[in-house]
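Report on the structure given below.
For clarity, every value in this text was computed on a predicted model and none was experimentally measured. Numbers here simply count residues along the sequence, with the first being 1.
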Amino acid sequence: MKIEFAPRNVPLDRRLQTAAVLQWVFSFLCLAQICLALFFILLFTRFWLISVLYAVWWFWDWETPSKGGRKIPYLCNIPLWDYMRQYFPIKLVKTADLDSRQNYILGFHPHGILVAGAFTNFCTGATGFSTLFPGLNTYLLMLPLWFRAPFFRDYIMCAGLIPSDKESASYLLRRKGGGNAVVIAVGGAPEALDARPGAYCVLLTQKKGFIKLAMEHGAHLVPVYSFGENEVFDQVENRRGTWLRWIQERLQSVMGISLPLFHARGVFQYSFGLMPYRKPINTVVGKPIRVEKCEKPSADDLDALHQLYMDELSKLFEEHKGKYGVPEDTHLSFI
């Protein structure tokens, strides 16, 4: 395989963009494991008191992730994230106003490999969410497993990440006065196994939990489609029915996380590596779907709202696909 090396005279801005994305990829792939290992290693050194004191703090602070976390706006707006936005680049597109007196559930599609669009748009201020939708605070749901990693849990809470369980989402949606937007990558970890360039399918047909959650709290639903989310990584062939997909699905059912075998480019060469491609991501926020509060919705009402949500997501895709290079004869498919 011929290796394409990066030129030596790369502008400083592009180097900073690469560094910003590199730390993000490293954080999501390795940092939790490093933090866990560090916690236990310190116990067997003269710095053992650090781990002991942290363990006491951890016990006292155990429920914080499920109660809104600990988002720090200053850290969400540091220049690092703007460099990350420029790398792809990533753009947030508004199609309608969102009333800050209401609470919302934003359904993010597709999940992609590392949800770059969701993180940049809703966990940082790099794309101007607070300017486009003033008065709204965003919280991105993440697998609860990651909040059990010492030190790492505090790092991700700073960006507004909270566990992806009903208790955590309900805590925010119950808040009086509105102004809370819970962002859910609806397809979750299983959908990541279908993330590859040219794929326009979302795992949604049987996903009704977030619909029920919205009805129970009267939170309005907002479909979000991120064009380009599947384009930034390649994935090893794992079509349904192959032995690799079977193994991945078994591991996902046991561990709760999917393990897509993905690759893209490197830091100093463009032929292979785990750095995403520099391809644009355009995240389009659709019009809100009004939801009336119903603590015990019937199956028919649940199905009706679920179908309406799918129709609105499909409509959003069709209205905007031509702007972002999707072929006219390509349509969104639900699995």
Side-chain angles (χ1 to χ4, degrees), residues 32 58-59 61-71 98 102-111 115 118-119 122-123 136-149 152-154 156-192 202-224 252-258 288-310 312-313 334:
W58 191 4
F59 177 80
D61 195 54
W62 181 261
E63 294 186 357
T64 296
S66 298
K67 293 185 176 180
R70 197 162 35 241
K71 190 173 185 177
L98 298 181
Q102 300 288 338
N103 289 325
Y104 296 91
I105 293 180
L106 276 60
F108 183 87
H109 312 270
H111 183 283
V115 285
F119 178 83
F122 305 119
C123 292
L136 284 182
N137 294 311
T138 53
Y139 302 86
L140 178 63
L141 270 62
M142 189 177 187
L143 285 173
L145 171 69
W146 301 118
F147 294 87
R148 296 184 176 90
F152 183 72
R153 67 188 287 275
D154 301 280
I156 57 179
M157 277 197 291
C158 290
L161 288 155
I162 61 172
S164 57
D165 52 43
K166 185 176 181 179
E167 178 188 356
S168 301
S170 295
Y171 179 86
L172 294 168
L173 298 175
R174 283 195 301 265
R175 285 181 173 176
K176 303 291 185 180
N180 300 291
V182 174
V183 184
I184 304 176
V186 179
E191 192 176 77
V202 294
L203 188 60
L204 185 58
T205 304
Q206 301 300 322
K207 294 283 187 175
K208 300 180 182 180
F210 75 107
I211 301 291
K212 185 178 181 181
L213 185 66
M215 297 181 75
E216 290 174 345
H217 295 281
H220 296 347
L221 287 163
V222 181
V224 179
Q252 194 276 323
S253 64
V254 173
M255 301 170 60
I257 58 175
S258 62
I289 301 170
R290 185 176 179 81
V291 179
E292 296 295 336
K293 185 175 181 179
C294 179
E295 294 184 359
K296 294 183 179 180
S298 67
D300 288 342
D301 289 341
L302 189 63
D303 289 342
L305 184 56
H306 181 257
Q307 184 60 53
L308 175 60
Y309 180 87
M310 289 201 299
E312 288 298 315
L313 178 61
F334 299 102

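- Annotation: K71, atom NZ; neighbour count of heavy atoms from other residues, nucleotides and ligands within 6.0 Å is above 12.
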Task: Stepwise side chain to side chain contact (heavy atoms under 4.5 Å, CB included) test for S170 and H217 - done: CA-CA 8 Å; S170 295; H217 295 281; 3.1 Å; yes
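- Distance CG/L141 to CZ/F122: 12.5 Å, rounded to 0.5 Å.
- Two residues are said to be in side-chain contact when any heavy atoms from C-beta on lie closer than 4.5 Å; P65 and I162 fail this criterion.
- Summarising the geometry of F334 relative to M310, their closest heavy-atom pair is CZ-O, 3.6 Å, with the distance given to 0.1 Å.
- Nearest heavy atoms, F108 versus A118: CZ-N, 3.4 Å.
- The NE2 atom of H306 sits 6.0 Å away from atom NZ of K208, with the distance rounded to the nearest 0.5 Å.
- The heavy-atom pair separating F210 from K207 by the smallest distance is CE2-O, 3.2 Å.
- For the residue pair Y171 and G68, the shortest heavy atom distance occurs at CD2-N, 3.7 Å.
- Within the 4.5 Å cutoff, the side chain of L213 has heavy atoms near those of the I105 side chain.
- Interatomic distance, CG of D154 versus CG of D61, reported as 6.5 Å (0.5 Å rounding).
- A distance of 8.0 Å separates CZ of F152 from CG of L161, quoted to the nearest 0.5 Å.
- At least one side-chain heavy atom of S66 sits less than 4.5 Å from a side-chain heavy atom of E167.
- The ring of H109 has its center closer than 6.0 angstrom to the ring center of Y309.
- Within the 4.5 Å cutoff, no side-chain heavy atoms of L203 are placed close to those of V186.
- With E191 contributing its side chain and H111 its backbone, the two residues share a donor-acceptor pair below 3.5 Å.
- Shown here for R175 and N103, the closest heavy-atom pair between the two residues is O-ND2, 3.1 Å.
- A donor atom on one side chain and an acceptor atom on the other are not found under 3.5 Å apart for N180 and N137.
- Considering only heavy atoms from C-beta on, V182 stays 4.5 Å or farther from Y104 through its side chain.
- The pair E216-K166 meets the salt-bridge criterion, with a side-chain N (NZ, NE, NH1 or NH2) lying under 4.0 Å from an Asp/Glu carboxylate O.
- With respect to L221, the side chain to side chain contact (heavy atoms under 4.5 Å, CB included) criterion is satisfied by exactly one of L308, I289, L313: I289.
- Looking at every heavy atom in both residues, P163 comes nearest to S168 through O-CB, 3.3 Å.
- Note that CG of L106 and NE2 of H220 are 12.5 Å apart. Values are rounded to the nearest 0.5 Å.
- The line from CG of L172 to OG1 of T138 is 10.5 Å long, rounded to the nearest 0.5 Å.
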